[in-house]
Amino acid sequence: MSIDTRTVQNVARLARLQLSPEELDPCAEQLSRILTLMETLNGLPTEGVEPMSHAVDIRLPEREDQVCNGDQREALLACAPDTEQYHFRVPKIIE
Amino acid sequence: MELSRLSLAHAADLLRKRSLSSVELTRFFLTRIEQKNPELNAYITVDEEGALAAAQAADARLARGDGTPLTGLPLAVKDLFCTHGLRTTCASKMLHTFCPPYESTVTRRLKEAGAVLLGKTNMDEFAMGSSNETSFFGPARNPWNPARTPGGSSGGSAVAVAAGLCLAAIGTDTGGSIRQPAAMTGITGLKPTYGRISRFGMIAFASSLDQAGPMTRSVADAALLLQSMAGHDPLDSTSIDAVVPSYAEALTAHVQGLRIGIPAEYFAEGLTDAVRDAVERAITTFRALGAQCIPLSLPSTPYAIPTYYVIAPAEASSNLARYDGVRFGYRCENPKDLQDMYARSRAEGFGAEVKRRIMLGTYVLSSGYYDAYYRKAQKVRRLIADDFQTALAQVDLLLTPTTPETAFLIGEKNNDPVRMYLSDIFTINVNLAGLPAISLPCGFDANSLPIGLQLIGRPLQESTLLTAGQAFQQATDWHLRSPV
């Protein structure tokens, strides 16, 4: 299947990735080639097959809802690009 | 005595006898890294200070006679495991200054077992690649021929082991990222069963496929490292709560009567003659050791690559949504608003292959395509897993080539993603099914480049892989060949 540059732009918007105008054509071309490879899956009948979402069938474990990692506010904020008074700082959202 | 080729057991013995100190051994590797890393680019970060401090502490323990299995042994870990306070980049500009505020379970267990961590090894960015070329820090180079890639994504770990820049290393494997570089650099690489080793603190690529494992110069070394890392971890809800056997006890090398399946689909077109010949000689070796080699078929094999390249990018696009420039990681300069900050931080912080996979994953999960691609791939994944289950009910192990060809040239495939993806054709299936597998050196091609074979086992049967691998390494000396 071949996808056009409008689809590429839409997917880039969904993925929050800025693409330059020069990137659109090569991206459409490469994605189309990869999707063509993926479409070979259509040659295999899968009616009635249970989809496999994980490698092992394990029950989700449960535990008491207790804080076990303590207060790490300073350490976590230290990773942030911009902070102010114990908050993550981001550009203005509302005019 | 050549320190750069010491086995873990031999090194541990020398340390225990105090005929060598951990500080001496650590300094030896730090010096060797300083000499060879500029060319090979195996390490992104070398932690000289931390390594020497750990070595001193190890020597103090050894002097008291209370060493643990890995006490004082210098290892390298892929730069994808979070190390508390030590930069962890995942080979991405996105994380190039990131110092994790916590420790991964794998590195914590290695340190608790006494290991000295020399540094963090190079890799494909976010483990997405098969040649180490997508690294923000430049490609690692194959010590057998520096014009060639070491494979990927755990390329730096493979190079560090093959070139003697550590005693052993840890990698991760989502579609072959331990086994493929192990094959291409002539070392031993073990991907355990999905869930055998905790993923806590491993930077996520495709969460239903990612698994850590040892990259070593022998099967015996792999057994020792697996022992230190395996086991349930309450911090990883997908880690398996099962008893961890003694892997040392698996090193019997007894393969008399072992049933080894040879799947026809792995010897089809695309396999080079040199690899086919070497793997066929290995089959003869196993027969001579008393194993039965039985031809069989895994009919869904050709569908593994397209299945993987739907599922892995889908999971990646979701996992990598966390890189938004807010809480950690790269943020673009002068964002004009929040949306601009997200889109430009991600565009500038991620490399081309990572962006390609995020785009692919977003596309296959997007409204209207989910059933056609993602749902379909999950169904085919079931068929692939069922194939293995049927085969492994008849035989104890499967034997295949690890890769269809030996190490390729840097630059040879990086403009052709589809061709690059096909280099994982024999390893990807195993991740989809969640099985354990090991790659062992089994020969060289006409260009003196290493060739690897792969053994695939039943879930949680790493011991069977180690038994057979040990038998092969006692009967052959391919794993003892060294590039430098």
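Lettering follows sequence order; numbering is per chain, from 1. Nothing here was measured: the structure is a model prediction, and the numbers come from that model.
With a 4.5 Å cut-off on non-hydrogen atoms, L77(A) does not touch chain B at all. For Y374(B), no part lies under 4.5 angstrom from a heavy atom of chain A. For a residue to count as touching a neighbouring chain, one of its non-hydrogen atoms must lie under 4.5 Å from one of that chain's; by this rule A377(B) touches chain A with backbone and side chain alike. When heavy atoms are compared at a cutoff of 4.5 Å, T307(B) approaches chain A by way of both its backbone and its side chain. L209(B) does not touch chain A: none of its heavy atoms, backbone or side chain, sits under 4.5 Å away. Looking at T238(B), both its backbone and its side chain come within 4.5 Å of chain A, counting heavy atoms on both sides. Only the side chain of F98(B) comes within contact range of chain A, with heavy atoms under 4.5 Å apart. Residue contact with chain A, scored on non-hydrogen atoms closer than 4.5 Å, involves the side chain of Q339(B) exclusively. For S317(B), no part lies near chain A; criterion is any non-hydrogen pair under 4.5 Å. Only the side chain of I240(B) comes within contact range of chain A, judged by heavy atoms closer than 4.5 Å. Only the side chain of D340(B) comes within less than 4.5 Å of a heavy atom of chain A; its backbone N, CA, C and O stay farther away. Proximity to chain B (any heavy atom under 4.5 Å) is shown, for R63(A), by neither the backbone nor the side chain. For chain A, the nearby part of N415(B) is the backbone; its heavy atoms alone come within less than 4.5 Å. In this structure, chain B has a heavy atom under 4.5 Å from the side chain of T7(A), while its backbone stays farther away. Proximity to chain A (any heavy atom under 4.5 Å) is restricted, for F350(B), to the side chain, taken from C-beta onward. Interface remark: Q72(A) contributes side-chain atoms only to the contact with chain B (heavy atom separation under 4.5 Å).
Between chain B and the residues L60(A), L76(A), L44(A), the most heavy-atom pairs under 4.5 angstrom are made by L44(A). Per-residue counts of heavy-atom pairs under 4.5 Å with chain A were compared for A343(B), A352(B), A372(B), A347(B); the largest is that of A343(B). The greatest number of non-hydrogen atom pairs below 4.5 Å with chain B, out of H54(A), R89(A), Q30(A), is found for H54(A). Note: D416(B) leads D416(B), L320(B), I305(B) in heavy-atom pairs under 4.5 Å with chain A. When the candidates A15(A), A80(A), P81(A), G43(A) are compared by the number of heavy-atom contacts under 4.5 Å with chain B, P81(A) comes out ahead. Contact count against chain A (heavy-atom pairs under 4.5 Å) is highest for L338(B) among V364(B), L338(B), D386(B). Counting heavy-atom pairs under 4.5 Å between each of L41(A), I34(A), V11(A) and chain B puts L41(A) at the top.
Scanning all heavy atoms of the two residues, the minimum distance from C79(A) to P101(B) falls at SG-CD, 3.9 Å. Nearest heavy-atom pair across R331(B) and V90(A) is NH2-CG1, 4.0 Å. Summarising the geometry of L19(A) relative to M359(B), their closest heavy-atom pair is CD1-CE, 4.0 Å, with the distance given to 0.1 Å. Scanning both residues, R33(A) and V418(B), for their nearest heavy atoms gives NH2-CB, 3.7 Å. Residues G434(B) and A55(A) approach most closely at CA-CB, 3.6 Å, considering heavy atoms.
To the nearest 0.5 Å, the span separating CG on L365(B) from CG on L14(A) amounts to 10.5 Å. Residue L37(A) holds its CG atom at 6.5 Å from CG of L422(B), rounded to the nearest 0.5 Å. To the nearest 0.5 Å, atom CE of residue M38(A) and atom CD1 of residue I311(B) are 10.0 Å apart. To the nearest 0.5 Å, atom CD of residue E23(A) and atom NZ of residue K355(B) are 5.0 Å apart. Note: I93(A) CD1 to M341(B) CE = 8.5 Å, rounded to the nearest 0.5 Å. The OG atom of S345(B) lies 10.0 Å from the CD atom of Q18(A); values are rounded to the nearest 0.5 Å.
Side-chain atoms of Y363(B) and V8(A), non-hydrogen and from C-beta on, never get closer than 4.5 Å to each other. Taking the side chain as every heavy atom from C-beta outward, K336(B) and P91(A) never approach each other to under 4.5 Å.
Under a 3.5 Å cut-off, the side chain of R346(B) and the backbone N or O of R16(A) do form a donor-acceptor pair. Between the side chain of R382(B) and the backbone N or O of P51(A) there is at least one donor-acceptor pair closer than 3.5 Å.
A donor-acceptor contact under 3.5 angstrom links the side chains of E39(A) and Y373(B), judged on distance only.
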Inset, instruction - Please step through side chain to side chain contact (heavy atoms under 4.5 Å, CB included) for the pair V326(B) and D82(A), ending with a clear verdict. - result: CA-CA 8 Å; V326(B) 177; D82(A) 195 6; over 6 Å; no
